[in-house]
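Counting starts at 1 for both ligands and their atoms, in listed order.
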Amino acid sequence: MTSDESLARIKGFVFDLDGTIWEGPTLLPGAAELVTAIRGAGHEVVFASNCSRHGGDVLRDRLVSMGITAESRDVVTAFDLVGDEIRRRLGPVPVLVIGTDELVTVLREAGCRPVGEDQASEALAVIVGVDPSFSYPRLRAAARAVAGGAAFFAINLDARFPVGPDLFEPGCGALAAAIATASGSDPIAFGKPEHPLFRVALERIGRSPDVVAMVGDSTASDMAGGRAAGMFTIWIDQNPSQPKPPTVDLVVRDPAELLRLWNKLAHEAGAGPGSVPTSQTRL
Ligand SMILES: [Mg+2]
């Protein structure tokens with residue numbers, strides 16, 4: 001089966017955000033039009049981000065401000081999973097939080113007891129997000145708690161996150177790596193390429209993974225994780241001279257190229273890749 005034939009079978013799309021839908025303050029070419037076309041064909045779209053600083057509602061508001069309609073259920077971040085995942089695995093335990101005040105709030109709302117570094121000896125779990133106040137005392141507290149038997153979680157393992165053209169901030173994975181080195185244990189992560197974020201995104205799409213596409217710019221998180229979840233993988237590669245990795249089913253330069261491909265399939269199929277007339281937009 002060719003990539004085009006496989007794309008024609010797709011009934012739902014999960015989009016990464018950074019580097020896929022937007023780059024810094026700018027939408028990538030064709031992003032809004034692509035989302036509109038997919039929804040117009042009657043298919044679900046979910047946005048799944050490894051963001052470790054905000055929940056989906058913050059990113060939903062950003063999408064809307066950039067001209068892409070989105071409801072709360074359309075956007076899920078790795079940050080959103082923290083409370084439920086820790087609570088489901090360990091119950092309402094004391095958790096040492098290496099992260100922002102928002103992360104403390106999420107854990108409290110999930111019924112866990114957030115503790116600071118001065119109470120680290122009570123912690124039965126350590127969670128790491130992006131932490132602008134990361135310090136040697138926090139590293140020491142987290143490493144000692146993990147070495148002492150506390151479960152070790154990271155929102156994601158991204159080394160960096162982009163904040164503009166050629167500009168990055170150190171990511172959650174950089175902080176988790178320091179704790180892993182000092183404690184001798186590796187964290188369990190919730191974000192891409194690990195399965196929890198894909199599981200939630202697929203539940204929201206409501207389709208089996210073989211008819212859902214993962215669209216993203218990261219081969220390490222979006223493509224590897226999407227392939228492992230059984231999805232069709234579409235790589236946004238703005239530097240097309242790179243060889244296609246084995247986890248990638250289809251490569252496009254930007255959303256505009258994917259839209260051209262989608263429209264071509266729609267033209268060839270008469271009624272379009274979707275079986276629902278374009279007047280029946282999503283609810
Ligand atoms: Mg990305």
Side-chain angles (χ1 to χ4, degrees), residues 12-32 34-35 38 45-56 58-63 65-66 68 70 74-81 129-130 154-176 189-202 204-205 212-229 231-240 242-245 247-259:
F13 286 77
V14 179
F15 285 96
D16 169 55
L17 285 169
D18 274 327
T20 299
I21 293 292
W22 61 48
E23 196 162 57
T26 313
L27 279 182
L28 286 183
L34 174 62
V35 171
I38 292 167
V45 170
V46 165
F47 303 94
S49 165
N50 262 3
C51 182
S52 73
R53 293 156 292 153
H54 308 297
V58 171
L59 300 185
R60 188 256 341 255
D61 291 348
R62 191 168 167 207
L63 277 167
S65 74
M66 295 171 98
I68 296 179
D74 299 335
V75 188
V76 60
T77 71
F79 181 92
D80 292 318
L81 307 186
V130 163
I155 297 183
N156 65 55
L157 297 179
D158 294 349
R160 303 172 172 184
F161 60 93
V163 290
D166 301 322
L167 266 186
F168 69 88
E169 299 274 349
C172 182
L175 309 189
F190 304 138
K192 299 171 286 186
E194 304 304 323
H195 194 61
L197 193 58
F198 290 98
R199 175 174 50 76
V200 173
L202 285 164
R204 294 191 185 181
I205 292 277
V212 178
M214 177 67 221
V215 187
D217 67 313
S218 166
T219 56
S221 64
D222 302 315
M223 299 297 98
R227 171 62 63 84
M231 303 164 78
F232 184 73
T233 53
I234 303 174
W235 186 29
I236 303 286
D237 177 21
Q238 297 186 61
N239 177 16
Q242 300 177 70
K244 186 177 107 166
T247 52
V248 172
D249 293 312
L250 179 66
V251 186
V252 293
R253 181 187 282 268
D254 53 27
E257 187 178 355
L258 183 53
L259 177 62

> Atom CG in Leu202, atom CG in Leu197: separation rounded to 0.5 Å?
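Between atom CG of Leu202 and atom CG of Leu197 there are 9.5 Å.
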> How long is the span from the CG atom in Leu28 to the CH2 atom in Trp22, to the nearest 0.5 Å?
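Here the rounded value is 11.0 Å.
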> Looking only at N, O or S atoms in Asp16, which is nearest to the Mg ion (ligand 1)?
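This residue's closest N, O or S atom turns out to be OD2.
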> Suppose we only allow N, O or S atoms; which atom of Asp217 ends up nearest to the Mg ion (ligand 1)?
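Atom name of the closest N, O or S in Asp217: OD1.
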> Indicate yes or no: does Asp249 engage Arg227 in a salt bridge with an N to O separation below 4.0 Å.
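Answer for the salt bridge query: yes.
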> Test Lys192 against every option in Asn156, Asp222, Asn50 by the side chain to side chain donor-acceptor pair (under 3.5 Å) rule and name the one that passes.
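The passing option is Asp222.
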> Could you tell me which N, O or S atom of Asp18 is nearest to the Mg ion (ligand 1)?
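Atom name of the closest N, O or S in Asp18: O.
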